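What follows is a single structure, written as structure tokens, with notes after it.
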Amino acid sequence: NMSTIKSDIRFKQGRKFLSEKMYEEAIDIFSSLLQSSVESHGELSVESAVAYFEYGNALLEKEEEKPSDNLLNNVEEEEQDDEQDEKENPKEAIADKEPAAVENSANDENNQQEFDEAEGDIQIAWESLDTARAILSKNCDSVASKLLLSEVHIRLGDLMRLNGDSKKCIEEYLFAFEIIKRECQPYDKSVFFSLFS
């Protein structure tokens, strides 16, 4: 029963954290909720599907707020600035080269660490959302579960868009739209959100 897990205080608190953009706190609390749900209801239960979705969604929202691509762009911009400085002030560039190299190396390591962490979050987000999709696809016996499945497809589409995979992104959005079109009236807000996500 989906209402069981939605009545859990951690579910409500996690949603509140997300609305306040407190992503780490939301991720931690949904991780705890997922673990408890798997232990109490089973890994492939509808209750766990809700927790998988919330956990994956929180990880994805964190990445959407600050995409890891920006980290790579920052590194490229710093390298371009260094090249420009060398052209304009060759003597100063040579004098500053050694300390700058040490500093840039440290910055690169930090950026790479942050990028790896973000990449890991995206992978876990995909695995969580895809698990929720697999569970709900086999347990769509209520309007609520069908609408949650449409949300899962929308967020999988958002993830694909973030990764630059336009084809799969559109496929996920179309899956979501077909579900909502069957379950909702044409003027339902959910239809609007699926079209303009």
Side-chain angles (χ1 to χ4, degrees), residues 1-65 118-163 165 168-185 188-197:
N1 191 330
M2 291 170 58
S3 61
T4 302
I5 197 163
K6 288 186 176 181
S7 63
D8 191 298
I9 187 65
R10 288 169 295 183
F11 179 90
K12 298 174 182 178
Q13 187 63 55
R15 283 287 185 91
K16 184 174 184 293
F17 282 142
L18 276 185
S19 68
E20 296 172 353
K21 297 187 176 183
M22 298 172 66
Y23 300 113
E24 295 296 344
E25 290 81 356
I27 290 167
D28 287 344
I29 206 165
F30 282 131
S31 175
S32 171
L33 181 64
L34 174 57
Q35 184 177 354
S36 296
S37 179
V38 169
E39 291 173 355
S40 300
H41 306 287
E43 187 174 3
L44 301 180
S45 65
V46 173
E47 290 86 354
S48 293
V50 176
Y52 275 118
F53 171 74
E54 295 298 337
Y55 181 49
N57 179 61
L59 286 164
L60 182 54
E61 282 201 29
K62 175 190 171 185
E63 178 63 11
E64 286 174 326
E65 181 69 15
E119 194 175 45
D121 285 347
I122 284 295
Q123 178 64 26
I124 297 170
W126 180 84
E127 291 172 358
S128 298
L129 292 170
D130 194 55
T131 301
R133 178 200 58 75
I135 295 170
L136 292 168
S137 294
K138 297 178 180 179
N139 295 278
C140 274
D141 54 358
S142 68
V143 173
S145 61
K146 291 174 183 176
L147 291 181
L148 179 58
L149 178 58
S150 72
E151 285 189 68
V152 171
H153 279 296
I154 288 172
R155 293 305 279 150
L156 282 169
D158 292 340
L159 191 153
M160 294 303 170
R161 181 174 60 183
L162 195 66
N163 282 342
D165 193 334
K168 289 184 179 178
C169 166
I170 293 170
E171 288 176 357
E172 294 293 347
Y173 287 161
L174 288 175
F175 277 129
F177 177 65
E178 287 301 320
I179 294 170
I180 293 171
K181 188 169 67 172
R182 289 195 303 267
E183 300 302 325
C184 302
Q185 296 297 323
D188 193 288
K189 288 183 179 180
S190 297
V191 176
F192 176 85
F193 287 134
S194 75
L195 287 171
F196 298 99
S197 172

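What you see is a predicted model, and the numbers here were worked out from it, not measured in a lab.
- With a 4.5 Å cut-off on side-chain heavy atoms, Glu47 and Val50 do not count as touching.
- Across Phe11 and Lys6, no two heavy atoms sit closer than the pair CD2-O, 3.4 Å.
- Ion pair Arg155/Glu172 not flagged as a salt bridge, since none of the NZ, NE, NH1 or NH2 atoms sits closer than 4.0 Å to an Asp/Glu carboxylate oxygen.
- Remark: Glu24 engages Lys62 in a salt bridge, criterion side-chain N to carboxylate O under 4.0 Å.
- Annotation for Arg161 and Cys169: closest pair CB-SG, 3.7 Å, computed over non-hydrogen atoms.
- Distance CD1/Ile179 to CZ/Phe175: 8.5 Å, rounded to 0.5 Å.
- The minimum heavy-atom distance linking Arg133 with Leu149 is given by the pair O-CD1, 3.9 Å.
- Closest non-hydrogen pair, Ala26 versus Gly14, comes out as CB-O, 3.8 Å.
- For the residue pair Tyr173 / Asp158, a side-chain donor-acceptor distance below 3.5 Å is found, with atom types taken as modelled.
- Environment of CD in Gln35: sparse, with no more than 12 heavy atoms of neighbouring residues, nucleotides or ligands closer than 6.0 Å.
- Using a 4.5 Å heavy-atom threshold, the side chains of Asn57 and Leu18 count as touching.
- A heavy-atom distance below 4.5 Å is found between the side chains of Ile124 and Tyr55.
- For Lys21, the NZ atom counts as loosely surrounded, since its 6.0 Å shell holds 12 or fewer non-hydrogen atoms of other residues, nucleotides or ligands.
- Across all non-hydrogen atoms, the minimal contact from Ser36 to Arg10 is OG-NH1, 2.9 Å.
- In this structure, the separation between CD on Glu63 and CD1 on Ile122 is 4.5 Å, given to the nearest 0.5 Å.
- Interatomic distance, CG of Leu159 versus CG of Leu60, reported as 5.0 Å (0.5 Å rounding).
- Taking OG from Ser40 and CG from Asp8, the interatomic distance works out to 9.5 Å, rounded to the nearest 0.5 Å.
- The CZ atom of Phe53 sits 13.5 Å away from the CG atom of Asp130 when rounded to the nearest 0.5 Å.
- Taking each heavy atom of Ser45 and Ile135 in turn, the nearest pair found is O-CG2, 3.5 Å.
- Contact annotation: the side chain of His153 never approaches that of Phe177 to less than 4.5 Å [non-hydrogen atoms, C-beta and beyond].
- Around CD of Glu43, the count of heavy atoms belonging to other residues, nucleotides or ligands within 6.0 Å does not exceed 12.
- A distance-only check finds no donor-acceptor pair linking the side chain of Ser48 to the backbone of Leu44 [under 3.5 Å].
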**Q.** side-chain contact (heavy atoms from CB on, under 4.5 Å) assessment of Glu54 paired with Leu33
**A.** CA-CA 9 Å; Glu54 295 298 337; Leu33 181 64; 5.6 Å; no

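- For the pair Ser150 (side chain) and Leu147 (backbone), a donor-acceptor distance under 3.5 Å is present.
- Here the side chains of His41 and Ile5 are not in contact, with every heavy-atom distance at 4.5 Å or above.
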Salt bridge (Lys or Arg N to Asp or Glu O under 4.0 Å) between Lys168 and Glu171: does it pass, once the steps are laid out?
CA-CA 5 Å; Lys168 289 184 179 178; Glu171 288 176 357; over 6 Å; no

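- The distance from the CD atom of Gln123 to the CG atom of Leu59 is 11.5 Å, given to the nearest 0.5 Å.
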